Enquirer: 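Take a look at the following structure, please.
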Amino acid sequence: MLKAIVSFIVAVIAISPLIVSMMESAQLGGAYISENTYRHFPSDIRQEKYSSAVETIAFLNSIAKPLLAFIAFFVFIMTAAEYWKFYRIYKEEERGEKL
Amino acid sequence: MKEVKRFSPAQRAAHFLVSLSGMLLIITGLPITFSTQLRWVMDLMGGSGVTMFVHRICGLILAFSLAYFGTYFALERLTKGRGDSNITLHPKFFLQLVKDMIQDMLWTFGLTKERPKSGKYDWVMVADIFAVPIFCLIEVITGAVMWFPFPILESNPALFFVFRTIHTGVAIFAVFFVLAHATVLHFTPGNFPINMGIFSGLIPKHKAKEEFPLWNPEEEVETNSKPYKFHPVGYIAGIVSCLIMLLMVYVTFLLTEEGLAGLRLLEDNLLVAIALNGTIALMFIYVLMTFYGVVKALAK
């Protein structure tokens, strides 16, 4: 019981920033889009920041694209192999029961 | 029939909350990245506003579950010890898992006579147990930052798009994880149409002995469960599920860069439509199966 209470308190503390923000600025607070439109940045600095983000995303994409395709293919192959494995296990169990 | 206790009520509750919120996050999240093919999901749920609201509430449930059960299981381990679990954080344990994986695959294809002898959790389950919290944590953090970009992104608003790219990439991987997990544990011979272990907490004793020979269950019970018989329809379910996975692999090959938008699917064809709509259909089926499993276990 004590574990459940401690865990509950930790979980409430962990998500409290989200709930407070939700009440203040999200749908429940009536202002879904923040008033901060980044206009406080001069346009040249804003451009610089967005250019650096484009570079970072291009770099991320160059890693993510082949990685995703490889992992996806690997997971598919492993799933097919696991299906075959379970088929073999089931057949062995069946044979064991018959014996 | 003699059954053994495999999962505690806390483990079952954790699986229920994380899987349900995770699948609903996929159902409501995929239409954002693949809006051309999955627009109908948003329309069905009442528009993009409702869909996104559901997405965020599910994110909140996932974040709560992660914090609650993460703390609970850590405290349980500290106070009760390992129990009948074979999981440790020792490097030797992880090395053994790699060896088990290789031997398991060799046995699967008839290249060795003996299957690896595993404890309560085999190498696939350990990979699942470690992967899920890591993925959830990445998704919760990146999702929270995108939901409330202030004050974290105050100094560099462009970082929003970096977080979105990471969020999308990990989400696509999570789709494969769910498809693989559900196909292997529910649609395979020995489990189809539903593996009740994670819902009732019990598995047949003979199955435990066969699949996890080194595991010494702490509790044994006598139940009125009937002996299992595999229905051949399970092969069709397995093939369909694997085919949709294969088509989703094709979708990942088609993803292309589109500046700040990150990875996007610019090509549209019939196979892509089948892959994405099939994935959503499977997620709906898994959600229904989750409720069915819980209700059946409670009724028992």
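Protein chains get the first letters and strands the later ones, always in sequence-line order, with residue 1 at the start of each. This one's a predicted model, so the numbers in the text were calculated from it and none came from an experiment.
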Enquirer: Taking every non-hydrogen pair under 4.5 Å, which of B:M245, B:H181, B:E211, B:R164 racks up the most with chain A?
Expert: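 Heavy-atom pair counts peak at B:M245.
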Enquirer: If you count every heavy atom of other residues, nucleotides or ligands that lies below 6.0 Å from B:F109 atom CZ, does the total exceed 12?
Expert: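 Yes, because the 6.0 Å sphere around CZ of B:F109 holds more than 12 heavy atoms from other groups.
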Enquirer: When you look at CZ of B:F73, are more than 12 heavy atoms from neighbouring residues, nucleotides or ligands closer to it than 6.0 Å?
Expert: yes
Enquirer: Are B:F187 and A:F86 close enough that their ring centres sit under 6.0 Å apart?
Expert: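 So the answer is no for these two rings.
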Enquirer: Dump the intermediate steps for salt bridge (charged side-chain N to carboxylate O under 4.0 Å, His left out) on B:E210 and B:K207, then the final yes or no.
Expert: CA-CA 5 Å; B:E210 180 76 31; B:K207 193 175 163 74; over 6 Å; no
Enquirer: Between B:I244 and chain A, with a heavy-atom cut-off of 4.5 Å, which part of the residue counts as in contact: side chain, backbone, both or neither?
Expert: neither
Enquirer: At a heavy-atom distance under 4.5 Å, which candidate from B:L263, B:L159, B:I172 has the highest pair count against chain A?
Expert: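 If we count pairs closer than 4.5 Å to chain A, B:L263 comes out on top.
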Enquirer: Of the listed residues (B:N191, B:L246, B:T79, B:T183), which shares the most heavy-atom pairs with chain A below a 4.5 Å separation?
Expert: B:L246
Enquirer: With chain B, which of A:A80, A:S52, A:A14, A:A81 has the greatest number of heavy-atom pairs at distances under 4.5 Å?
Expert: A:A81
Enquirer: Is it the case that the side chain of A:Y83 and the backbone of B:P189 share a donor-acceptor pair, with hydrogens and angles ignored and the cut-off at 3.5 Å?
Expert: no
Enquirer: Checking B:Y235 against chain A: side chain, backbone, both or neither under 4.5 Å from a heavy atom?
Expert: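 Both backbone and side chain of B:Y235 come within 4.5 Å of chain A.
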Enquirer: At a heavy-atom separation under 4.5 Å, does B:K80 approach chain A through its side chain, its backbone, both, or neither?
Expert: side chain
Enquirer: Are the ring centres of A:F8 and B:F64 closer than 6.0 Å?
Expert: yes
Enquirer: Could you tell me which portion of B:M248 (side chain, backbone, both or neither) has an atom closer than 4.5 angstrom to a non-hydrogen atom of chain A?
Expert: neither
Enquirer: For the candidates B:I166, B:V124, B:I239, B:T252, which exhibits the highest count of non-hydrogen atom pairs separated by less than 4.5 Å from chain A?
Expert: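 Among the listed options, the one with the most contacts to chain A is B:T252.
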Enquirer: Quick one, B:T142 and B:V170 - any side-chain contact, counting heavy atoms below 4.5 Å?
Expert: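 Result no, sub-4.5 Å side-chain heavy-atom pair not found.
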Enquirer: Tell me if the CH2 atom of A:W84 is crowded by more than 12 foreign heavy atoms within 6.0 Å.
Expert: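 It does not: A:W84 CH2 has 12 such atoms or fewer within range.
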Enquirer: Looking at B:T108, B:T71, B:D104, which one has more heavy-atom pairs under 4.5 Å with chain A than the rest?
Expert: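 Most pairs with chain A among the choices: B:T108.
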Enquirer: Can you find a pair of side-chain heavy atoms, one from B:P193 and one from B:H231, that are under 4.5 Å apart?
Expert: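 They are not in contact (no side-chain heavy atoms under 4.5 Å apart), so the answer is no.
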Enquirer: Of the listed residues (B:F69, B:Y68, B:F177, B:F176), which shares the most heavy-atom pairs with chain A below a 4.5 Å separation?
Expert: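 Greatest number of close heavy-atom pairs with chain A: B:Y68.
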Enquirer: Do you know which of A:E82, A:M78, A:R88 has the most heavy-atom pairs with chain B at a distance under 4.5 angstrom?
Expert: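 Most pairs with chain B among the choices: A:R88.
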Enquirer: What part of B:T188 is in contact with chain A, defined as an atom under 4.5 angstrom from a non-hydrogen atom: side chain, backbone, both or neither?
Expert: both
Enquirer: Is A:L60 in contact with chain B via its backbone, its side chain, both, or neither, using a 4.5 Å heavy-atom distance?
Expert: side chain
